[in-house]
Chemist: 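Before anything else, here's the structure in question.
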Amino acid sequence: MPELPEVTALAADLGSRLTGRVIERLDVVSFAALKTFDPPVSALTDRTVTAVGRRGKYLDIVATDLHLVVHLARAGWVRWRAQAPQPLRSAKGPIAARLVLDDGSGFDLTEAGTKKSMTIHLVRDPDEIERVATLGPDPLAADFTVDSLADILAAAGRSRVKGVLRDQRRVAGIGNAYSDEILHVARLSPFAPADSVDVRSLFDAIQSTLRDAIARAEGHAASELKGEKKSNMRVHGRFHEACPVCGDTIQQVIYADSTFQYCPTCQTGGTKLSDRVLDRLLK
Ligand SMILES: [Zn+2]
């Protein structure tokens, strides 16, 4: 799933290709993905793209007063096309929507797999989208400080820090992968209560992890970003591999619909955390 660093890089890549260009049309073939009907997608025709930005993990393509807001979800992606072959008419394969510029170039929004959860909104203001309006602060915003994080952690109380970092209403843009990485850098157990952690070291880990990932992603086209993200993970997705810091074997916890990884020596005082699915079955 693309998280803050990848969406930042995608927004920069799309911004450089789209800004100042005129939209010919948006074809949406995945009607499950399109969450709005007013204005209709035909309202994009003949509008000029003025900016491409990011809100949390959402891409925000601005076309004079309208915002095309896309959440790529777990398996969504953007594929640039120098030339769009033909109008999209039916949903087949992974393509959910296609944006075409007046010179025939453009991009496809694709989603792999059978469980589709990408969302596409066309709105006059991104805050019309409830999940955007309720996003927590952006951890890379200039006004996000150690004190901001201290307030978030205090409000979360005894909730586990891993869940707090992933909760988009508390802090925007961090998902399963980067929360694993941040907690490894901060040497924190994923299950540590939010109000017990060292705020400064967690803050520094958030900043360095996200900024390093953005720096690595910069200049890469959308097509290269996924590989770039995977190859630079320290613990996430590296079950049974050696921790790059201490050499211990990376462990994982399995939930019903996701897994996460951590290093016992670096993060949990050598303790192996138990699988939550198994726990529930045994109780
Ligand atoms: Zn380690």
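Since this is a predicted model, take the numbers as computed values, not measurements. Just so you know, ligand 1 is whichever comes first in the structure, and atom 1 is the first atom listed for that ligand. Residues: numbered from 1 along the sequence shown.
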Chemist: How would you list, by chain and number, every residue that makes a side-chain contact (heavy atoms from CB on, under 4.5 Å) with V22, sequence neighbours excluded?
Modeler: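 V22: side-chain contact (heavy atoms from CB on, under 4.5 Å) contacts with T48, D102.
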
Chemist: Could you tell me whether R131 atom CZ has more than 12 heavy atoms of other residues or ligands within 6.0 Å of it?
Modeler: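 No.
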
Chemist: With sequence neighbours excluded, what pairs up with S159 under the side-chain contact (heavy atoms from CB on, under 4.5 Å) test?
Modeler: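 Partners of S159 by the side-chain contact (heavy atoms from CB on, under 4.5 Å) criterion, ordered by chain and then number, come out as A156, V164.
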
Chemist: Can you tell me if CZ on R47 sees more than 12 non-hydrogen neighbours from other groups inside 6.0 Å?
Modeler: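 Yes, enclosed.
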
Chemist: Using the ring-ring contact (aromatic ring centres under 6.0 Å, His included) criterion, which residues pair with Y178? Sequence neighbours excluded.
Modeler: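 Listed in chain order: nothing, the list is empty.
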
Chemist: Looking only at side chains, do T110 and R79 share a donor and an acceptor under 3.5 Å apart?
Modeler: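 Their side chains do not contain a donor-acceptor pair, so the 3.5 Å distance test is not met.
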
Chemist: Counting only protein N/O/S, how many atoms fall short of 2.8 Å from the Zn ion (ligand 1)?
Modeler: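 Atoms of protein N, O or S type lying less than 2.8 Å from the Zn ion (ligand 1) total 4.
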
